[in-house]
2 protein chains.
Amino acid sequence: MATGRTHRPATRSRGIPEATVARLPLYLRALTGLSERSVPTVSSEELAAAAGVNSAKLRKDFSYLGSYGTRGVGYDVEYLVYQISRELGLTQDWPVVIVGIGNLGAALANYGGFASRGFRVAALIDADPAMAGKPVAGIPVQHSDDLEKIISENGVSIGVIATPAGAAQPVCDRLVAAGVTSILNFAPTVLSVPEGVDVRKVDLSIELQILAFHEQRKAGEDAAAAEAADVVAPVVRGGAAVDRKGPDGDMPAVMPA
Amino acid sequence: MATGRTHRPATRSRGIPEATVARLPLYLRALTGLSERSVPTVSSEELAAAAGVNSAKLRKDFSYLGSYGTRGVGYDVEYLVYQISRELGLTQDWPVVIVGIGNLGAALANYGGFASRGFRVAALIDADPAMAGKPVAGIPVQHSDDLEKIISENGVSIGVIATPAGAAQPVCDRLVAAGVTSILNFAPTVLSVPEGVDVRKVDLSIELQILAFHEQRKAGEDAAAAEAADVVAPVVRGGAAVDRKGPDGDMPAVMPA
DNA sequence: CGATGTGAACGTATTCACAGCG
DNA sequence: CGCTGTGAATACGTTCACATCG
């Protein structure tokens with residue numbers, strides 16, 4: 001960023017922090033729930049609880065968008081829904097293509113929340129000729145030969161990749177070449193894309209592994225039965241605690257995977 | 001991150017930063033690829049490229065695990081695979097249950113990467129009696145009446161929720177009561193769980209909304225055709241820039257969602 | 001009065017740059 | 001000499017606490 005010492009908070013800078021952006025959909029969902037129940041206003045405290053964050057964070061997040069609350073009262077639900085929707089770009093409809101209509105792709109196509117909020121499944125694409133023409137979630141699957149044509153004719157800028165890992169990068173390259181600039185990747189691969197293209201990944205096994213890490217740690221700490229004490233915890237797992245390299249756990253010749 | 005209302009201090013676990021833990025699976029995947037190709041050693045530079053991070057970050061991450069490299073040479077692939085696997089708790093097999101065998105649940109059950117690395121689908125559970133007994137991915141679906149029994153008999157501590165949003169919290173409560181302490185939630189809801197239970201969420205529509213935000217921004221900046229200059233960018237979208245509340249964009253009576 | 005909005009303090013994560021070692 | 005490992009510097013994110021204003 002500009003190393004600017006913007007003296008005045010006058011014109012609020014562009015640049016909503018990424019962490020805030022990632023929470024806006026959460027707030028929006030909570031607000032939509034309130035809206036459906038015809039709740040007119042919420043306090044930061046209530047809304048924060050509904051979204052699973054703390055209220056200071058929520059207020060700070062909203063402060064980046066502007067002053068949309070009323071002191072002593074709270075936030076107008078409908079107004080906030082609109083402002084956040086607008087900020088997220090959901091006042092327009094984004095056509096999306098899903099590439100790779102296997103189990104997962106089909107599940108995504110059938111996912112309801114898709115069509116509801118600002119997104120529309122413009123096309124389903126698969127490399128298997130046998131799939132072509134078959135309807136999934138009411139939408140006929142098209143063959144990947146026509147990928148470029150489909151992208152450009154529908155003005156698609158967001159693509160979802162649900163192919164096997166091996167196909168993901170080639171598919172990604174074709175999507176990008178055809179004009180897609182945002183990609184949601186469900187394939188377990190690192191995609192490389194040119195500057196200016198956004199990639200987000202959703203990876204089941206990574207999430208599980210992170211859970212396993214904490215799970216393992218819990219099991220280790222259960223032995224100590226320590227609560228509230230965070231200073232001790234000698235970490236008994238295996239042999240020595242995190243030490244220098246060396247023969248603590250001898251390395252088996254055969255890996256589990 | 002634990003999404004529950006229990007604000008976990010995180011300072012509790014002396015040791016590896018959360019951000020580092022989240023990247024270990026990435027490194028592990030890259031290393032496994034190298035291992036399969038019988039590559040004996042990698043430099044931080046090469047491995048970082050394969051994992052899609054920069055090398056300084058990777059070295060820092062590894063430094064939390066210990067000194068597993070050789071200066072002037074790099075890292076021994078097999079050795080690192082083992083160390084990371086061990087750190088993530090993948091040297092043991094974690095039995096996992098999937099609750100909610102709809103489109104998504106079935107896709108998850110069929111997901112290969114599941115069984116391969118440290119995880120085993122111990123059971124599939126669904127509330128629909130018609131599903132009971134039907135095999136999905138070779139595993140017979142069991143009725144949710146038996147949830148508690150299934151959890152305890154299989155020693156399950158990790159649960160995957162792939163139910164509709166409305167069912168997620170009740171299912172979560174039952175899982176937790178039965179002994180599950182880590183939950184991967186695919187339902188679009190905030191789950192609240194007691195202290196000590198980890199929840200991670202995977203949410204398609206949130207990811208799409210984040211992409212839409214950036215996509216919208218790109219479209220706005222294309223007009224200015226600005227490159228490298230982040231100082232100017234007056235932001236033309238809508239009417240006035242983020243200002244005080246007021247009638248800038250008038251709020252429509254009907255929301256798109 | 002009560003809840004927002006926000007500077008300031010604190011904590012975490014990333015990057016830099018180079019000492020240290022094989 | 002090259003690459004790892006790491007303190008120091010920087011950037012980013014969260015929390016605190018209270019002035020501010022409807």
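When reading the values below, keep in mind they use all heavy atoms of this one structure, side chains included, and skip hydrogens, waters and symmetry mates.
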_Under a 3.5 Å cutoff, is there a donor and acceptor pairing between the side chains of A:Ser205 and A:Asp203?_
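Distance-only check passes for A:Ser205 and A:Asp203.
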_Between A:Arg86 and A:Thr91, a side-chain donor and acceptor under 3.5 Å_ =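 There is no such pair (donor and acceptor under 3.5 Å, judged by atom type) between the side chains of A:Arg86 and A:Thr91.
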Return no unless some side-chain N or O of [X] is found under 4.0 Å from OP1 or OP2 of [N].
X: B:Tyr75; N: D:dG5; result: yes
X: B:Lys60; N: D:dT6; result: no
X: B:Asn54; N: C:dT15; result: yes
X: A:Tyr64; N: D:dC12; result: no
X: A:Arg59; N: D:dT20; result: no
X: B:Ser43; N: D:dC3; result: no

For the pair made of [atom1] in [X] and [atom2] in [N], what is the distance, rounded to whole Å?
X: B:Leu58; N: C:dA13; atom1: CG; atom2: P; value: 17 Å
X: A:Tyr68; N: C:dA3; atom1: OH; atom2: C1'; value: 19 Å
X: A:Asp61; N: C:dT6; atom1: CG; atom2: P; value: 13 Å
X: A:Gln83; N: C:dT4; atom1: CD; atom2: P; value: 17 Å
X: A:Phe62; N: D:dG13; atom1: CZ; atom2: C1'; value: 17 Å
X: B:Leu24; N: C:dA13; atom1: CG; atom2: P; value: 13 Å

*For the rings on A:Tyr79 and A:Tyr68, is their centre-to-centre separation under 6.0 Å?*
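Between A:Tyr68 and A:Tyr79, which both carry aromatic rings, the centre distance is below 6.0 Å.
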_Side-chain heavy atoms of B:Leu184 within contact of B:Ile158, under 4.5 Å_ =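 Counting from C-beta outward, B:Leu184 and B:Ile158 never come under 4.5 Å.
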*What about A:Arg71: does its side chain form a donor-acceptor pair under 3.5 Å with the base of D:dT20?*
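Checked by distance alone, the answer is yes.
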*Please determine if A:Asp198 and B:Arg217 form a salt bridge, counting it only when a charged side-chain N lies under 4.0 Å from a carboxylate O.*
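Between B:Arg217 and A:Asp198 there is no salt bridge, as every charged N stays at least 4.0 Å from the carboxylate O atoms.
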*asked:* Nearest to the side chain of B:Lys57, heavy atoms from C-beta on, is which of C:dT15, D:dT15, D:dT4?
replied: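 Looking only at side-chain atoms, B:Lys57 lies closest to C:dT15.
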*Taking for each residue the nucleotide of DNA chain D with the nearest heavy atom, is it A:Glu18 or A:Gly72 whose nucleotide lies nearer the 5' end?*
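This one resolves to A:Glu18.
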